[in-house]
Protein chains: 2
Amino acid sequence: MKADERREQILHTAIDLFSLKGFSGTTTKEIARAAGVSEAIIFRHFAKKSDIYSAILDDKARHDGMKFPWEDDAELLDAIHRKDDAKVFYRLAINALNKQQSDVGFLRLLMYSALEEHELAERFFSEFVARVYGFIGGYIEERQRDGVMREMDARIAVRAFLGMLIHHSLNVILWDKRKALLNITNKEAAENFAQILLRGIKA
Amino acid sequence: MKADERREQILHTAIDLFSLKGFSGTTTKEIARAAGVSEAIIFRHFAKKSDIYSAILDDKARHDGMKFPWEDDAELLDAIHRKDDAKVFYRLAINALNKQQSDVGFLRLLMYSALEEHELAERFFSEFVARVYGFIGGYIEERQRDGVMREMDARIAVRAFLGMLIHHSLNVILWDKRKALLNITNKEAAENFAQILLRGIKA
DNA sequence: GTCTATATGACGATAGAC
DNA sequence: GTCTATCGTCATATAGAC
């Protein structure tokens with residue numbers, strides 16, 4: 001295996017393990033064993049254990065992990081254009097829920113790194129989350145100017161919306177399968193959350 | 001210092017450290033140093049490191065940490081009795097936000113233990129969160145029967161509400177101080193979230 | 001009840017052969 | 001590029017003196 005491939009393979013193995021057990025809960029020996037190489041190989045590709053952690057976000061950025069929920073959704077962009085609010089918030093919700101839950105490892109990793117106050121979470125926050133606030137908040141402000149939504153700090157509405165979505169995904173990932181306190185499809189969840197927010201902020 | 005006091009002291013020192021760096025990120029040596037005792041003392045009071053972790057929830061339960069947001073709030077109970085929905089949801093929100101943010105360490109600890117799938121989070125979930133769902137969900141169902149709130153799964157409304165609250169508190173704890181993406185008082189947040197939810201689910 | 005001293009193993013990281 | 005073997009350090013946990 002070439003150096004680049006091996007490096008990628010180690011990185012993805014490490015992402016899986018870090019997302020399961022956190023940074024300090026994962027040993028280089030485990031990563032090596034899971035990747036099917038010796039520990040020494042790890043340290044040929046990454047000088048320090050923490051270098052693996054730092055490389056994760058670059059890898060995500062290079063692949064599709066940092067794509068925005070609206071980039072590929074023609075239906076959403078069309079709804080925005082037509083100012084079909086119900087559709088806009090439903091599409092935003094369903095995209096967010098599906099994406100979050102399709103990459104459980106990354107969401108767990110983000111939580112870990114936020115708690116550990118690692119650069120990873122901070123960069124994700126300023127590069128990704130801030131733009132989401134700008135995008136959704138911008139749409140709400142536009143609709144406020146149209147007189148369709150009531151006057152309020154649009155960022156609070158965004159926080160409420162993202163709060164429902166992220167909290168629900170975390171619940172699905174961490175609890176619902178075993179505990180089943182609330183067992184609904186993402187479609188149901190997205191419809192309900194979109195409707196609650198929309199009725200909640202309309203004029 | 002008597003055994004009980006020393007045990008409590010070690011426990012609280014450990015809670016602080018676990019909440020900052022997680023279970024595997026905290027060493028018994030650090031706990032000992034922070035508590036001002038030798039490492040051997042730790043292992044006299046707790047046979048294994050993980051026993052400290054397990055003892056945390058019992059300690060919380062013995063103290064005030066597991067109290068319900070409505071137990072001490074006469075204003076809330078009165079509002080429920082009078083069916084003053086706006087007041088009910090505002091009081092629930094402000095209580096939750098204040099409590100979550102007054103015990104940052106515990107919230108961080110819960111997040112860590114949820115990710116680590118430790119008993120701690122699971123017990124908190126089934127002993128505390130489930131009852132919150134029952135309480136708030138019960139009130140919503142009552143108001144649905146009154147015809148004041150629209151037909152929907154009340155648990156979804158609860159999840160949306162708790163999502164706003166918990167997500168906002170996590171943002172405050174983990175980000176807002178440094179990044180200031182959204183700097184509002186808990187009062188403002190509670191008013192807005194309560195209003196969004198209420199308008200969102202009323203008939 | 002607390003200490004010093006230490007056992008035992010796992011940890012991150014390196015050296016050197018192939 | 002990969003391995004085996006090993007380093008020094010730090011981890012959890014224990015023994016025995018005071």
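Each chain gets a letter, A, B and so on, in the order the sequences are listed, and its residues count up from 1. Note: hydrogens, waters and symmetry copies are ignored here, and every other heavy atom, side chains too, is used.
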Rounded to whole Å, the CD1-P distance (A:Ile41 to C:dA15) equals 15 Å
B:Phe46 has an atom CZ; how far is it from atom C1' of C:dG1, in whole Å?
-> 15 Å
A:Ile42 atom CD1 is separated from C:dA15 atom P, nearest whole Å, by 18 Å
For residues 127-141 of chain B, tabulate all N or O donor-acceptor pairs below 3.5 Å that involve a side-chain atom, not counting sequence neighbours.
from, atom 1, to, atom 2, distance (Å)
B:Glu127, OE2, B:Arg123, NE, 3.3
B:Tyr133, OH, B:Arg159, NE, 3.0
B:Tyr133, OH, B:Arg159, NH2, 3.4
B:Tyr139, OH, B:Asp85, OD1, 2.5

Is B:Arg82 salt-bridged to B:Asp78, going by a charged N under 4.0 Å from an acidic O?
-> yes
Find out whether the Lys NZ or Arg CZ of B:Lys49 is both under 6.0 angstrom from the six-membered ring centre of B:Phe23 and within 45° of the ring's axis.
-> yes
By salt bridge (charged side-chain N to carboxylate O under 4.0 Å, His left out) - contacts of B:Lys202 (at least two apart) = none
Just to confirm, is there a sub-4.0 Å distance from OP1 or OP2 of D:dG1 to any side-chain nitrogen or oxygen of A:His45?
-> no
Reading 5' to 3' through nucleotides 4-18 of chain D, protein heavy-atom contacts under 4.0 Å coded B for base, S for sugar-phosphate only, - for none | B------SBBBB---
Is there a salt bridge (charged side-chain N to carboxylate O under 4.0 Å, His left out) between A:Glu116 and B:Lys21 once you walk through the steps?
-> CA-CA 6 Å; A:Glu116 292 164 346; B:Lys21 321 206 282 173; over 6 Å; no
Any donor-acceptor N/O pair, A:Ser113 side chain to A:Leu110 backbone, under 3.5 Å = yes
